[in-house]
Amino acid sequence: MLSVIIIIALTILVLAAAILAVQTTNLVVAVISAGLVSLMASVGYLFLSAPDVAMTEAAIGSGLSTIIFFYVLNRVRGKDHG
Amino acid sequence: MVRKIFVIILLIGLGWFFYGMADSFHGSDSLNMTASYYAENGAEEVGAANLVTAIVVTYRGLDTLGEVTILFLTAAIAAFFLKSKEEFSKRDVKPSSELLQTAAGMLVPLIFVLGVYVFVNGHLSPGGGFQGGAIIASGLVLLLLSKPLQKVNSRFFALVESFSGLFYVGIGVAGIFLAGGFLDNSILPLGEFGTLLSAGILPVIYILVGLKVGSELSGLLTKFQETQEEN
Amino acid sequence: MDFGLVAVVVGFLLILIGIWGILTQKNIVKIVIGFSIFDTGLHAIMVGIGYLKGRTAPILDSAVSPADALTSIVDPVPQALVLTAIVIGLGVTALMLAYVVRLYDYRKSLDISSYEDLKW
C-alpha cells in the first residue's frame, strides 16, 4: 500500500518537473527541474527492481549532467536569458 | 502560431500511436527465452552474482566495448569544440569559502574510495565500472568547485584512458587464444561463487572499464570547466 | 497495481513532453533539456518492459540462490542495455552542449531563430 502511494507521488512529481523544465523561461529553473526528473526516475527504478540502473541514473543523470549544464549556462550567460 | 498547431497535431498522432502500444502492453509472468538462459546458466558459466554485470561484461561484452568507444568519441569531439582559453591561468576568481575547501579536503578521498569500492565489487553487488567511474568524476567536480584555479593535468587522464582501453582490447583478444572466444572470461579460473576473487577475468575488465569511464568523464568535465569566463 | 505498466505510461508521457520541448522552444539550451527528458522517458519504458510482477533484482545472493533464479528475478537484459544507454546519453548531451558553446561564440545568441544560414 505504501509503495503504491509513493509510486503515485513519484509519477505526479516526474510529470510536473518535466513540464516545468520545458515550459519555464528561467534557464536555471529548467536545468534544476531536468535534474529532478532524473532523480525521481532513479527512485522509480528502485521500485522496478533495477538497483544498477538506479545507481547509474542518480550519479550521471542528476549529478554530472546537471553540472555540465551549469558550466555551459555560466559560459553563455549573456543578454538573452529567455 | 501555425507552427504550434502543427506540433500539437504531431503530438496527438504520436500519442495515439503510443496509446495503442501501452494499451496492448501487459506484463508477462515468466522470463523470455534469452533471459531464462542467462538466469539458468549465468551463475555457472560466468560466476558473477550480479547477472546484469555478467550480461554487460561477458555475454554482451562487444556491446560494452562499442559503447566505451562511443563515449570516447563524444568526449574527443566535445574537447575539439571546446578549445580552452589561453588566458585561463590569468583570470582572478574569488576563492571558494573556507567551509567548502575544508569539506572537500575531507570528502574527496572518501568519494574516490567509494568509487573504487563500487567498481571492484561490481560482480557481487549493484554497481560496476560505469557507476564507479561516474562517482569518481563527481568527486573530481567537488575538487574543481573548491579550488577553481587548480590546473588539472589532462595528460594524466588521457594516459589512464588509453592504457585501460588498450588492456581491455588486449584481454578480449587473449580470450580468443586462451578460452572460448573474444572477451571470454574463463581465462582465469572461475573461483568460488560469490567471493571477491571469482568470475574469472570479469572483475579485471570491469575495473578497466571503471578507470576508462572515470577518466573520460573527468577529462570532459575539466574541458567544460576550463571554458569558464571570468565573472 | 502493475509498476511496469505505470513506468511504460510515464515513459511515453515523458517522450511526448520532450518532443514538445524540442519542437516549440526557441532557446537552444531548452532544446537540449528536451532531448535529455526524451532520453529519460525512453529508459523508463525499457526498464518497465523488463519488470515482472512480484520479482526481485537480478542479483544472486543468500536471498536468491542460483537454482531458483528462473522464478524469482526480473529480466536482466533491458537493465544491462539501459545501463550503457544512460552513459551514452551523458556523452551525447555533453556533445550538444559543446555545440551550444560554439554557436554562442559564433553569434552571441541562444535563440535558434537567429541561426538561419541553412534556411530556405
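Chain naming here is simple, since letters A, B, ... match the order of the sequence lines and numbering starts at 1 in each. Not measured: the values here are computed from a predicted model.
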* **Identified side chain to side chain contact (heavy atoms under 4.5 Å, CB included) partner of Q131(B) from the options V53(A), I60(A), T56(A)** => T56(A)

* To do: Name the region of I136(B), side chain, backbone, both or neither, that has any atom closer than 4.5 Å to a heavy atom of chain A.
  => neither

* Structure fact -> Rounded to the nearest 0.5 angstrom, the CG-CD1 distance for L140(B) and I67(A) is 11.0 Å

* To do: Assess whether atom CZ of F72(B) is packed by more than 12 heavy atoms of other residues, nucleotides or ligands within 6.0 Å.
  => no

* **When I135(B), T53(B), L145(B), N50(B) are compared by non-hydrogen pairs under 4.5 Å with chain A, the top option** => N50(B)

* Asked: How long is the span from the CZ atom in F70(A) to the CZ atom in F224(B), to the nearest 0.5 Å?
  -> 14.5 Å

* Between L64(A) and A137(B), what is the shortest heavy-atom contact and its length? -> CD1-CB, 4.0 Å

